[in-house]
Amino acid sequence: MVKFSELNISETTLKSVKRMGFEEATPIQEGTIRLGMEGKDIIGQAQTGTGKTTAFGIPLIEKIDTKDGNVQGLIIAPTRELAIQVSEELYRLGQDKNVRILSVYGGQEISRQIRALKNRPQIIVGTPGRLLDHINRRTLKLDNVNTLILDEADEMLNMGFIEDIQTIMASVPDTRQTLLFSATMPDAIRRIAEKFMKTPEIVKIKSKEMTVENIEQFYVKSVEREKFDILSRLLNVQQPELAIIFGRTKRRVDELAKALNIRGYLAEGIHGDLSQAKRMSVLKQFKAGKIDILVATDVAARGLDISGVSHVYNFDIPQDPESYVHRIGRTGRAGKKGVAVTFVTPREMGYLGIVERTTKKKMEALVPPTADEAVLGQKRVAMEQLQEMTEKNNLGDYREFAAKMLENFDAVDLVAAAIKTMTKEPEDVPVSISEERPLPSRGGGGYKGKGGSGRSGGGGGYKGNRSSSARPSSSRGASSGASRRREGGSGGGRPGRTTRRSES
DNA sequence: AAAAAAT
């Protein structure tokens, strides 16, 4: 491991880096910072959550001439939220050097951005549409840009974005340095990318798998109509700290979020049809733990760095293997552990094999708990937690209340009541999630190529997040974790953590 | 076929 202090970074920037809590460079940072500062064009590829923003951010910040008020660096990102996040990180990296950073994206008053542009920012982070808008209004001049960065580069060069990107690139001088970063870079896209670059250095952090090792990956075979029940059982048993549930369409995300709310979970949906204000408030609430389940379309698949996301559920299998890599990469970041569970319908089993071949990682079959097993698992976990709390010996005045109750009630009854409070019984609230065609049907195939790893759903026993840390309930008795109920929800209480079915 | 991205 190389330290940032050994990378020839200026004292000023090093100070910012230290303040951010960074000491040692990750492999992608070590591999690209030096090259970047030499002015080379780079295609940087490394697994999710390994610090790519800092990898391109440091050379960029180092290169900025603070006496020059022109825009010198331009970063383009595929979603508004990601643009905001990147600009915040660059702000921190450039704080001691006093670099001016501005993010521009749709859904925010353009007049406000035009005013901010008059403060002469040196770095712009933006989304394609709004950048073009500013370019056409001549409120953004890119003649002096000497560094162009595409974050999530393969996505930016994909159909749907490529035309906008080419137009934006046309207003940036050819003499620029171009940096492309992503966790995924399909060959076809890489070839397109190289056309926009000058003899790029390819820095690919090689690892056996495309995904990080600290994410445990499972799949659940389930027919469409059973998905939701299985999901709620998994939530009850695995008890995520924070969870992201990905759905295939905006409509599905809406329905899923609503259904989860009906069942008493603290969930909110996010997708591109919501107002920008709503999108930001949902994300803010999720980061603050005011909601603990984020239901999302692929708008949240890439780049978002939210600490505490312990579980990712693909309620619908992603459209392509790259999307899978990015979605599950919302957990297991910066060396932390994560769990990813992907729902697969029987007809999608072949496609699952294609995903696995791309990521070079087999998912483990997870046999979902039955309703009874889920309840049993929760009771067992409740017992463990009560035992743990007792052993910690810090119950303080709770013991006095307990003593008072024991004068009038049976001890067994009281403990039973405690366990019952912590257990979430399944509810028969009918919940409707419209079934959409899981994958486009093309002559019965559905996807290109025949995967056919031909496995049966069976396989390994149920395994969940074994490492889930004990989270003793707070003094107010409110439980935390994604299966926390909304107040006033019937029964309420704290569901269990993880159990292993194999023992039961 | 979907989602994202300007209004």
Side-chain angles (χ1 to χ4, degrees), chain A residues 74-86 103-114 117 124-140 150-169 171 182 184 189 224 244-256 269-280 282-283 294-304 314-327 330 345 347-348 351 434-448:
Chain A
L74 175 66
I75 297 122
I76 316 179
T79 65
R80 299 166 181 177
E81 286 75 14
L82 187 54
I84 294 166
Q85 178 185 296
V86 168
S103 56
V104 298
Y105 48 88
Q108 193 191 43
E109 257 184 279
I110 198 156
S111 55
R112 178 174 148 188
Q113 290 174 3
I114 292 171
L117 282 162
I124 300 288
V125 188
T127 48
R130 184 55 68 91
L131 283 169
L132 281 173
D133 198 352
H134 281 294
I135 292 168
N136 293 333
R137 289 167 186 256
R138 311 201 184 281
T139 46
L140 175 61
L150 299 190
D151 197 8
E152 305 297 341
D154 57 329
E155 175 77 350
M156 304 313 295
L157 296 173
N158 221 329
M159 282 177 344
F161 272 128
I162 181 84
E163 281 185 28
D164 286 354
I165 298 302
Q166 280 180 295
T167 315
I168 296 169
M169 279 186 173
S171 33
S182 182
T184 52
I189 303 277
E224 193 61 45
I244 303 181
I245 302 172
F246 286 101
R248 200 173 61 87
T249 64
K250 292 180 267 206
R251 179 173 165 196
R252 242 160 111 86
V253 164
D254 283 337
E255 288 175 348
L256 204 43
I270 190 167
H271 59 65
D273 275 359
L274 303 177
S275 71
Q276 191 52 32
K278 177 70 179 170
R279 282 167 63 164
M280 285 172 42
V282 168
L283 206 58
L294 183 69
V295 189
T297 59
D298 274 336
V299 71
R302 283 179 177 253
L304 295 188
N314 289 312
F315 193 73
D316 299 311
I317 197 165
Q319 296 293 313
D320 47 72
E322 286 74 33
S323 171
Y324 175 81
V325 170
H326 290 280
R327 281 182 178 188
R330 295 319 95 215
T345 61
R347 59 176 300 203
E348 290 164 345
Y351 174 61
S434 53
E435 291 189 23
E436 301 181 42
R437 252 172 266 287
L439 281 171
S441 168
R442 219 178 304 155
Y447 43 84
K448 281 167 268 174

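Quick note on labels: first sequence line is chain A, next is B, and so on, each numbered from 1.
A distance of 7.0 Å separates CD in A:E152 from OG1 in A:T184, rounded to the nearest 0.5 Å.
Here A:G106 lies in heavy-atom contact (under 4.0 Å) with sugar-phosphate atoms only.
Between the CE atom of A:M159 and the P atom of B:dA1 there is a distance of 12 Å, given to the nearest Å. Counting to the nearest Å, the P atom of B:dA4 and the CG atom of A:D320 are 14 Å from each other. Separating the CD atom of A:Q113 from the C1' atom of B:dA6 is a distance of 11 Å, rounded to the nearest angstrom. As rounded to whole Å, 13 Å separates atom P of B:dT7 from atom CG of A:N136. Rounded to an integer number of Å, the gap from A:H134 NE2 to B:dA6 C1' is 10 Å. To the nearest angstrom, P of B:dA4 lies 18 Å from CG of A:D151. Rounding to whole angstrom units, CZ of residue A:R137 and P of B:dT7 are separated by 9 Å. The NE2-P distance, from A:H326 to B:dA3, rounds to 18 Å in whole Å.
Between A:D154 and A:R302, at least one side-chain nitrogen of the basic residue sits less than 4.0 Å from a carboxylate oxygen of the acidic one, meeting the salt-bridge criterion.
The side chain of A:R279 places an N or O atom within less than 4.0 Å of a non-bridging phosphate oxygen (OP1 or OP2) of B:dA5. Residue A:S323 has no polar side-chain atom (N or O) positioned under 4.0 Å from OP1 or OP2 of B:dA3.
Distance from the side chain of A:Q319 is smallest to B:dA2 among B:dA4, B:dA2, B:dT7. Across B:dA2, B:dT7, B:dA5, the shortest atom-to-atom separation from the side chain of A:T127 is found for B:dA5. In the set B:dA6, B:dA2, B:dA4, the nucleotide with an atom closest to the side chain of A:R80 is B:dA6.
Between A:D298 and A:H326, the side chains place no donor N or O within less than 3.5 Å of an acceptor N or O (distance only, hydrogens not considered). Side chains of A:Q108 and A:Q113: a donor-acceptor N/O pair is present below 3.5 angstrom, by distance only.
A:T249 has its side chain out of reach of A:D316: every pair of non-hydrogen atoms, C-beta onward, lies at least 4.5 Å apart.
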